[in-house]
Amino acid sequence: QVQLVESGGGLVQPGGSLRLSCAASGLTLDNHPIGWFRQAPGNEREGVSCIVANSGSTNYADSVKGRFIISRDDAKNTVYLQMNSLKTEDTAVYYCAADQLVITNICSIRDYEYDYWGQGTQVTVPS
């Protein structure tokens with residue numbers, strides 16, 4: 001059984017930083033594309049970033065490019081999202097997701113590409 005567990009969310013002032021973690025069981029993360037998504041109240045779910053299996057190449061949404069960094073620790077079977085220079089508009093529930101397919105050359109930030117999802121962690125950046 002595949003399980004993804006996010007942690008690291010919280011309340012942070014504008015300009016601050018947080019690091020989210022996505023710990024997996026039942027799935028070896030470095031064999032599958034992993035994505036981070038977010039959903040703010042009243043908004044559709046938005047792709048934030050993804051990391052390619054094996055190579056570790058990354059993609060980012062324009063809204064977070066240059067501020068967020070996705071990484072993977074294969075020994076811990078965990079993917080991270082380092083979020084810097086946080087803005088009010090980054091407030092959302094953040095989810096990690098894994099593609100069940102073993103795809104080693106690309107990753108997507110389209111949510112329908114992903115099969116396994118965590119429960120989410122809240123990030124709040126007050127105005």
Any sub-3.5 Å donor-acceptor pair from [X]'s side-chain atoms to [Y]'s backbone N or O?
X    : Y    : result
Q122 : G10  : no
H32  : L101 : yes
T124 : L11  : no
D115 : Q100 : yes
T91  : E89  : no
Q3   : G26  : no
S108 : R110 : yes
N77  : A24  : yes
D90  : K87  : yes

From [atom1] ([X]) to [atom2] ([Y]), nearest 0.5 Å:
X    : Y    : atom1 : atom2 : value
F68  : L86  : CZ    : CG    : 5.0 Å
Y94  : L20  : OH    : CG    : 7.5 Å
R72  : L29  : CZ    : CG    : 7.5 Å
E113 : D111 : CD    : CG    : 9.0 Å
I70  : Q82  : CD1   : CD    : 12.0 Å
R19  : N84  : CZ    : CG    : 11.5 Å

Classify the side-chain pair D73/T78 by whether it contains a donor and acceptor separated by less than 3.5 Å.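 On atom types as modelled, these side chains do not qualify, holding no pair under 3.5 Å.
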Looking only at the side chains, is there a donor atom on one of S63 and E46 sitting less than 3.5 Å from an acceptor on the other?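 Yes, because at least one side-chain N or O of S63 sits under 3.5 Å from a partner of the opposite role on E46.
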Using ring-ring contact (aromatic ring centres under 6.0 Å, His included) as the criterion, list what pairs up with Y114, not counting sequence neighbours.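 ring-ring contact (aromatic ring centres under 6.0 Å, His included) list for Y114, sorted by chain: F37.
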Validation row: [X], [Y] side chains within 4.5 angstrom (heavy atoms):
X    : Y    : answer
R38  : R45  : no
S7   : S21  : yes
I51  : Y80  : no
I109 : W36  : no
M83  : V123 : yes

Check for me, please, whether [X] and [Y] land in the same ILVMFWY cluster - side-chain distances under 4.5 Å, paths through other members count.
X    : Y    : answer
I34  : W117 : no
V102 : V79  : no
I69  : L18  : yes

Taking all non-hydrogen atoms of both residues into account, name the closest pair between [X] and [Y] and its distance.
X   : Y    : answer
A40 : A92  : N-CB, 3.8 Å
D30 : A53  : O-CB, 3.4 Å
T88 : P126 : OG1-O, 3.6 Å

Verdict with supporting geometry, L81 and S49, side chain to side chain contact (heavy atoms under 4.5 Å, CB included): CA-CA 8 Å; L81 185 69; S49 181; 4.2 Å; yes
Does this structure show an ion pair linking D62 with K65, if we count only N-O contacts that are shorter than 4.0 Å?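 Judged by the 4.0 Å cut-off on N to carboxylate O distance, D62 and K65 do form a salt bridge.
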